[in-house]
Every structure is written in structure tokens, then in C-alpha cells.
Amino acid sequence: MKIKICGLSRVEDVEAVNEARPDLIGFVFARGSRRYVTPSQAALLKSGLSKEILAVGVFVDEELDIVLDLAEKQTIDIIQLHGSEDVKYLERLKRCCDAPVVKAVSMTSDGFSEELRRWEESSIDYLLLDSGTGGTGQQFDYRLIGRVTKPFFLAGGLNPENVAQAAMQVLPYGVDMSSGVETEGKKDREKIKEAVRRIRDVERKIR
């Protein structure tokens, strides 16, 4: 089961994940986010990141050229779309770039089932099932997931205390945590280590 720690913005955050060893981390390129990093900041942070950890770029309705440039420069290894991007945007992205693409779906929106179906039928590589538009710190009703056939990341309100139970209940491809491993708005080294430890325990139980 993959573990993603999203919203890294400081050198200390990189040091923490290098120690805890999740599978992926996220850089947020959405300008309205308090976790926003510039491309140059992300490149600097990526240079200190363990080669075993993949970097995901999180975008909200970003211009295609900017996304492609970050992928081409290998500042990011995976692209995550968190806005109102449509399948045509995905197709353009896929034609120009080999990086895997994740699409976030808000499981609390009125049209979530239709959106899930649309992306299930697309060439998207992974889904990310979240509460609201992300970063809410709230879990959603996992019964809404149903029979999703694409591999998906589970997000929304996950923290060291509840991530193992959520993972056992849903058995996702991966889990994604951000505010749940923070203290006073900053990534917390001990919370990251504990969350990773608990998911690794789940992995051993389900093998």
C-alpha cells in the first residue's frame, strides 16, 4: 500500500520524509494554498529528497505548459490534477508527457458518481478520492466508494490515529495525508513517522 505525504514546503519536511520513508510526497503548486511552493522552491526541495521517494505535483486548473515543464525538468515524477480539468485536458497531457497522472474526485460533491464514472472510463492512471476540494481535514463516507476499478488513493482527514483503520476498511492502492501529519500548520516529523509505521503494519497484516 503506497503512502503519500502531501504539502511539503520546507527543508525540514524533506528531512522528515527521508527518515520515515513514505513512497511519495506532494508539492502543491496551487497559488491559493498555504502549502504553495514555487517551481524553484520545489526543485530545491526535490534535490534533497531521497531517490526512493517519488514527487507528485499537485495542480489546480494550471496551464498545461507549466505542468509539462515541471515534469520535463524532473522536479515532479507524477502529476495530480485537483481542479476542474476535463478528459480533453488529460488527453493533451498524455500526448506530451509520460508521467503518470492522478485525478482527484470530491466524494462530497453532488455529482461525484458521474465524475467517478467519467474518469474510470478515461486513460487516467490513478484516482484520488477526497473530501471537498482537498485539505479539509474531514473524512467522507467510505460506503460511497462502491466498486471503483481504477487504483485509487484514499484522502481526506487521515492521521496517525485513524489511517490504519481506514486502510483496512477500504484497502486502497494508497493513502494520502497532509494536515493530519501537521502540528500548528507545519509538518510534524513524529506524526509522519507514526503514520508510516501504522500503514506498514497494515501491509504486513494483509499479505
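Residue indices begin at 1 and follow the sequence shown. Atom set for the values below is all heavy atoms of this structure, side chains included, hydrogens, waters and symmetry mates excluded.
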Would a distance-only check, ignoring hydrogens and angles, find a side-chain to backbone donor-acceptor pair under 3.5 Å from [X] to [Y]?
X      : Y      : answer
Arg198 : Ala164 : no
Ser9   : Val37  : no
Lys150 : Ser123 : no
Glu115 : Ser106 : no
Asp77  : Ala55  : yes

Restricting to non-hydrogen atoms, name the atom on [X] and the atom on [Y] that form the minimum distance, rounded to 0.1 Å.
X      : Y      : value
Ala20  : Val196 : O-CG1, 3.3 Å
Gly48  : Val14  : O-CG1, 3.4 Å
Gly156 : Tyr142 : O-OH, 4.5 Å
Asn162 : Gly157 : ND2-O, 3.0 Å
Ser178 : Cys6   : OG-O, 3.1 Å
Leu158 : Ala166 : CD2-CB, 3.8 Å

Quick check: do [X] and [Y] have side-chain heavy atoms less than 4.5 Å from each other?
X      : Y      : answer
Phe112 : Leu116 : yes
Arg189 : Lys193 : yes
Val148 : Glu120 : yes
Val11  : Leu45  : yes
Asn159 : Met177 : no
Ile145 : Phe140 : yes
Ile53  : Asn18  : yes

Margin query: Evaluate Asp61 against Ser84 for side-chain hydrogen bond (donor to acceptor under 3.5 Å, both in side chains), listing each step before the verdict.
Written below: CA-CA 6 Å; Asp61 302 319; Ser84 57; 3.0 Å; yes
Spacing of [X] atom [atom1] and [Y] atom [atom2] [to the nearest 0.5 Å]:
X      : Y      : atom1 : atom2 : answer
Lys4   : Asp23  : NZ    : CG    : 12.0 Å
Gln80  : Leu127 : CD    : CG    : 11.0 Å
Arg35  : Arg10  : CZ    : CZ    : 12.0 Å
Met168 : Met1   : CE    : CE    : 8.5 Å
His82  : Ser33  : NE2   : OG    : 10.0 Å
Leu54  : Ile76  : CG    : CD1   : 11.5 Å

Margin query: As a test of understanding, state which of Tyr89, Phe29, Phe27, Tyr36 forms a ring-ring contact (aromatic ring centres under 6.0 Å, His included) with Phe59.
Written below: Phe29
Next item on the list: Walk me through it: do Lys94 and Asp125 pass the test salt bridge (Lys or Arg N to Asp or Glu O under 4.0 Å)?
Entry: CA-CA 10 Å; Lys94 285 283 192 178; Asp125 296 283; 2.4 Å; yes
Sequence neighbours left out, cut at 3.5 Å: what donor-acceptor pairs do the side chains of residues 64-73 make with other protein atoms?
{"from": "Asp69", "atom 1": "OD2", "to": "Lys73", "atom 2": "NZ", "distance (Å)": "3.1"}

Would a single hydrophobic cluster contain both [Y] and [X], if residues Ile, Leu, Val, Met, Phe, Trp and Tyr are joined by side-chain heavy-atom contacts under 4.5 Å?
X      : Y      : value
Ile25  : Val163 : yes
Ile5   : Leu129 : yes
Val87  : Ile124 : yes
Val102 : Leu154 : no
Ile78  : Tyr173 : yes

Next item on the list: Please determine if Glu114 and Arg118 form a salt bridge, counting it only when a charged side-chain N lies under 4.0 Å from a carboxylate O.
Entry: yes
Next item on the list: Would you mind checking if Arg197 and Glu194 are paired as a salt bridge, meaning a charged N to carboxylate O distance below 4.0 Å?
Entry: yes
More than 12 heavy atoms from other groups under 6.0 Å of [atom1] on [X]:
X      : atom1 : value
Gln74  : CD    : no
Gln169 : CD    : yes
Arg143 : CZ    : no
Asp110 : CG    : no

Margin query: Walk me through whether Trp119 and Leu90 qualify under side chain to side chain contact (heavy atoms under 4.5 Å, CB included).
Written below: CA-CA 10 Å; Trp119 290 106; Leu90 169 67; 3.7 Å; yes
Notebook entry, point to check: When you look at Lys187 and Glu15, which way does the side chain to side chain contact (heavy atoms under 4.5 Å, CB included) test go after all the steps?
Noted result: CA-CA 11 Å; Lys187 291 291 180 286; Glu15 293 172 349; over 6 Å; no
Check: What's the verdict on salt bridge (Lys or Arg N to Asp or Glu O under 4.0 Å) for Arg200 and Glu203, showing C-alpha distance, side-chain angles and the deciding distance?
Finding: CA-CA 5 Å; Arg200 298 306 183 210; Glu203 287 179 324; 3.2 Å; yes
Next item on the list: Kindly determine whether Asp13 and Lys191 satisfy salt bridge (Lys or Arg N to Asp or Glu O under 4.0 Å), including the steps that lead there.
Entry: CA-CA 12 Å; Asp13 302 341; Lys191 287 183 179 179; over 6 Å; no
Notebook entry, point to check: Of Leu128, Val170, Val105, which is the lone residue that meets side-chain contact (heavy atoms from CB on, under 4.5 Å) with Phe152?
Noted result: Val170
